[in-house]
Amino acid sequence: MRLRVLAGLTILLIAATVRAQVAADVMGMHNLGPGSKSPVTGTRTDSCSYCHAPHSGLNMGLWNQKLTTQTYTMYTSNTAKNTGVQPVLASDSNMCLSCHDGTVAVGSTVAYGQVTMRGSMNTLDVFSSKMQSSHPFSLAPPIKDNVHLVSSLAANGKTGDATGSVKLINGSVECTSCHNPHVQAKDLVSQNFLVKDGSSGQLCLACHDPSRTVGGQVNPLADWATSAHATSANKITAAAQLGSYTTIATDACISCHTPHNAGSSARLLRGQDEQDCISCHNGSTNVAMPAYANVFTEYQTPKVFHPVPTSTNPHDAAENTLLDNNRHATCVDCHNGHGSQPVQTFPSAPQIRVSQKDIAGINASDGTSVLAPAVNQYENCLRCHGNSSGKQVQPVYGYFPVRAVSAGDPLNLIPQLAVTATSSHPVMHPRSSPLAQPSLLPNMLNLDGVKQGRAMGTQIFCTDCHNSDDNREFGGTGANGPHGSRWSHILERRYEFSQAPTPGQQISNLFPNPDLSVNGPYAMCAKCHDLANQIVKNTSWNSHAAHINAGFSCSVCHTAHGTGATSGTISGERLVNFDLNVVAPNSGNPISYNRSANTCVLVCHGVTHNGAGTNSRRARGPVGIK
């Protein structure tokens with residue numbers, strides 16, 4: 001008797017559940033009967049009949065809607081190994097597209113003729129023949145393996161979904177691999193007929209495996225699980241239209257990608273390259289993010305910023321790591337959206353920041369071999385600023401000096417910063433100069449010029465000089481990295497270049513009685529060098545004070561990166577490498593510098609400098625220079 005009671009209760013509970021589902025109209029938008037909430041409704045009250053007929057249908061799953069014969073442009077990608085073929089007549093995808101490609105009227109039934117319909121389908125639900133901006137389906141069998149795919153797809157035709165909800169259909173991806181046309185709200189948040197809850201990228205991860213490694217191949221999804229986009233609890237508003245979920249972490253893949261009607265057909269991005277990133281990183285109220293995550297404020301006038309590529313030169317995931325065009329600086333050239341992690345602490349130089357985790361770089365030792373991923377920050381910079389061709393000098397970045405000693409390509413930083421350089425800032429190697437450096441501070445100074453920042457160490461980053469002028473690493477509130485700055489050459493602080501109308505003549509922009517504060521012309525150098533207590537007191541050279549008080553900038557005599565070539569007259573020690581736009585030869589003699597005697601031979605600002613250490617004015621020279 002007890003068993004019978006329990007059985008009866010079970011039957012009642014099941015019946016109640018079924019009634020609740022029916023009452024809630026589980027078919028949702030696919031219930032096309034009169035009075036339903038679908039944007040398209042017909043006169044037949046038996047909702048199933050719009051797609052199925054118990055008799056006289058097409059004898060294919062009791063199918064009743066007339067089938068489309070449309071030919072589609074399928075998704076293609078130069079990084080994909082699987083390609084789509086035209087869906088077979090009466091396949092799952094063909095049945096779905098019989099309404100969703102717009103070529104067959106809804107309600108065009110086999111058994112009942114054309115049912116009278118009202119309304120129209122939502123525009124985003126009609127794909128026409130253009131399926132290149134939708135997730136690949138109807139794949140050419142058999143499925144081919146790829147490093148970012150779950151291994152079981154190719155091995156035995158199974159996805160990685162433990163529940164079995166996401167599955168291949170006849171060995172291929174079809175519409176019904178991800179969508180259940182009979183139940184709209186298995187996912188209560190994203191009510192798009194998903195076969196299961198799709199939050200946190202569950203549907204995508206059923207087929208795409210971020211943790212997989214195959215024979216040294218680079219998995220483009222590596223480190224997804226710990227990435228900023230997979231873990232961020234930042235809120236997304238409905239107005240952002242970035243998917244149905246409320247946080248970046250639960251939105252996951254669909255924050256940047258969309259399975260249908262993508263803005264960029266390549267890799268189903270919502271927008272083309274940086275346009276995809278702007279949706280969140282432009283400081284809008286659509287996404288609740290910290291101020292420093294507003295990267296695109298650095299790209300606004302009057303700031304100078306890394307150039308975005310033209311429409312004829314977009315980024316492509318399959319392009320060479322060595323970029324033969326330094327006008328090509330998209331977000332994804334420096335950041336990997338799948339692996340990039342939030343920066344909590346700043347590592348010591350020269351390690352790459354976790355915000356650039358899994359990005360590729362170029363080996364500085366040969367300038368061409370690829371490092372995937374880059375280990376050091378400068379390796380990523382060398383994608384554009386090393387041996388690549390097609391580099392350009394752009395006036396927007398400010399004055400460009402011409403150095404007396406050059407290794408050839410002045411925009412190639414490898415010889416300038418290499419350990420073989422006569423002298424260089426210690427970016428690609430630790431400090432190795434045997435010369436005393438009394439001006440170095442124990443700590444770099446923050447943007448206010450007062451508070452101490454990171455300890456000096458023996459090596460520095462590219463971004464210690466080229467950085468946003470309000471970066472948070474050194475006390476600001478803005479984004480870190482060389483996104484944009486109000487100072488020339490995307491420098492984080494002011495750095496002036498003395499200039500002359502003709503080499504040797506009067507310098508047109510002197511800065512006499514110098515302001516050594518954070519607002520002065522030497523602010524960039526003062527981040528690391530003690531100007532007041534060392535430089536202007538001549539502790540490293542006996543004429544520093546005279547030149548600085550007269551108003552010369554550092555750039556007249558020093559190169560900022562390093563001296564990568566050799567010369568019989570200029571050793572390059574202490575980064576001495578004169579600007580040929582400012583200085584001229586002395587009576588036909590080659591421009592020279594003798595470090596041990598602290599003398600030079602040249603003409604600068606109308607003053608002739610002689611090798612014996614004597615100077616004479618050709619024109620009125622600056623105060624203190626004889």
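Every heavy atom of this structure was used, including side-chain atoms; hydrogens, water molecules and symmetry mates were not.
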Could you list all the ring-ring contact (aromatic ring centres under 6.0 Å, His included) pairs where at least one residue sits in residues 209-249, not counting sequence neighbours? none

Mind checking side chain to side chain contact (heavy atoms under 4.5 Å, CB included) for Asp470 and listing every partner two or more places apart, or none if nothing turns up? Glu298, Lys303, Ser468

Locate the shortest heavy-atom distance separating Gln132 from Tyr75; write the atom from each residue and the value. O-CD1, 3.2 Å

Applying ring pair (Phe, Tyr, Trp, His ring centres under 6.0 Å) between Phe305 and each of Tyr397, Trp487, Tyr299, report the one that passes. Tyr299

Heavy-atom nearest pair, Glu492 first then Ser485, reads CA-OG, 4.3 Å

Tell me, please, which residues at least two apart from Arg270 pass salt bridge (charged side-chain N to carboxylate O under 4.0 Å, His left out). none

For Thr458, which residues count as a side chain to side chain contact (heavy atoms under 4.5 Å, CB included) partner, sequence neighbours excluded? Pro430

Rounded to the nearest 0.5 Å, how far does CG of Asn320 lie from CZ of Arg383? 9.5 Å

Residue pairs fulfilling side-chain hydrogen bond (donor to acceptor under 3.5 Å, both in side chains) with at least one residue in residues 200-213, sequence neighbours excluded: Asp145-Arg212, His148-His208, Ser199-Gln202, Asp209-Ser211

Evaluate the criterion side-chain contact (heavy atoms from CB on, under 4.5 Å) for residue pair His466 and Leu491; output intermediate values, then yes/no. CA-CA 4 Å; His466 299 284; Leu491 292 168; 3.6 Å; yes

Of all residues at least two apart in sequence or in a different chain, which pass the side chain to side chain contact (heavy atoms under 4.5 Å, CB included) check with Cys178? Leu203

Residues Asp251, Lys235; criterion salt bridge (charged side-chain N to carboxylate O under 4.0 Å, His left out); working and verdict: CA-CA 10 Å; Asp251 223 30; Lys235 298 288 186 181; over 6 Å; no

Before you tell me yes or no, could you show the steps for Thr559 and Gln416 under side-chain hydrogen bond (donor to acceptor under 3.5 Å, both in side chains), namely the whole-Å CA-CA distance, both residues' side-chain angles and the distance that decides it to 0.1 Å? CA-CA 9 Å; Thr559 181; Gln416 298 178 39; 4.8 Å; no

Evaluate salt bridge (charged side-chain N to carboxylate O under 4.0 Å, His left out) for Lys196 paired with Asp187, printing each intermediate quantity in order. CA-CA 6 Å; Lys196 62 176 293 184; Asp187 184 324; over 6 Å; no

Asp530: salt bridge (charged side-chain N to carboxylate O under 4.0 Å, His left out) partners, not counting sequence neighbours: none

Going by atom types only, do Asp366 and Ser369 share a side-chain donor-acceptor pair under 3.5 Å? yes

Mind checking ring pair (Phe, Tyr, Trp, His ring centres under 6.0 Å) for Phe127 and listing every partner two or more places apart, or none if nothing turns up? His260

Any donor-acceptor N or O pair under 3.5 Å, side chains Gln351, Asn376: no

All side chain to side chain contact (heavy atoms under 4.5 Å, CB included) counterparts of Ser138, not counting sequence neighbours: Met74, Val85, Pro87, Glu174

Before giving the answer on side-chain hydrogen bond (donor to acceptor under 3.5 Å, both in side chains), spell out for Arg267 and Thr79 the whole-Å C-alpha distance, their side-chain angles and the decisive distance to 0.1 Å. CA-CA 9 Å; Arg267 284 156 281 280; Thr79 56; 2.9 Å; yes

Partner set under salt bridge (charged side-chain N to carboxylate O under 4.0 Å, His left out) for Arg494, not counting sequence neighbours: Glu496

Mind checking salt bridge (charged side-chain N to carboxylate O under 4.0 Å, His left out) for Asp448 and listing every partner two or more places apart, or none if nothing turns up? Lys451

Please report the closest heavy-atom contact between Asn192 and Ser244, naming both atoms and the distance. ND2-OG, 4.1 Å

Honestly, is Lys527 close enough over Phe474, meaning NZ or CZ under 6.0 Å from the six-membered ring centre and within 45° of the axis? yes

To the nearest 0.5 Å, atom CG of Leu447 lies from atom CG of Asp469 at 8.0 Å

Could you walk me through whether Asp333 and Leu323 pass the side-chain contact (heavy atoms from CB on, under 4.5 Å) test, one step at a time? CA-CA 9 Å; Asp333 288 322; Leu323 293 169; 3.7 Å; yes

Run His429 and Ser424 through side-chain hydrogen bond (donor to acceptor under 3.5 Å, both in side chains) and show every step you take. CA-CA 9 Å; His429 60 85; Ser424 70; 2.9 Å; yes

Heavy-atom pair of closest approach, residues Ala206 and Val150: O-CG2, 3.4 Å

What I want to find out is whether Lys391 reaches Asp409 closely enough, with some N-O distance under 4.0 Å, to be called a salt bridge. yes

Does NZ or CZ of Arg353 come closer than 6.0 Å to the centre of the six-membered ring of Phe461, within 45° of the ring's axis? yes

For Pro415 and Ala421 the tightest heavy-atom approach is O-CB, 3.5 Å

Please test Ser365 against Asn363 for side-chain hydrogen bond (donor to acceptor under 3.5 Å, both in side chains), starting from the C-alpha separation and ending with a verdict. CA-CA 6 Å; Ser365 62; Asn363 192 329; 2.7 Å; yes

With no hydrogens and no angle check, do the side chains of Gln377 and Thr463 hold a donor and an acceptor under 3.5 Å apart? yes

Quick one about Ser284 and Asn282 (side-chain donor to acceptor, distance below 3.5 Å, no hydrogens or angles considered), yes or no? yes

Minimal non-hydrogen separation, Asp223 against Asp358, with atom names: OD2-OD2, 2.6 Å

Would you say that more than 12 heavy atoms from the other residues, nucleotides or ligands in this model lie under 6.0 Å from the CD of Gln241, or not? no

Would you sort out whether Ser555 and Arg403 count as a side-chain contact (heavy atoms from CB on, under 4.5 Å), showing the intermediate values? CA-CA 10 Å; Ser555 72; Arg403 295 300 170 188; 4.0 Å; yes

Residues passing the ring pair (Phe, Tyr, Trp, His ring centres under 6.0 Å) test with Phe497, sequence neighbours excluded, are Tyr399, His489, Tyr495

Indicate yes or no for a side-chain donor-acceptor contact from Asn234 to the backbone of Ile248 under 3.5 Å, with no hydrogens or angles considered. no

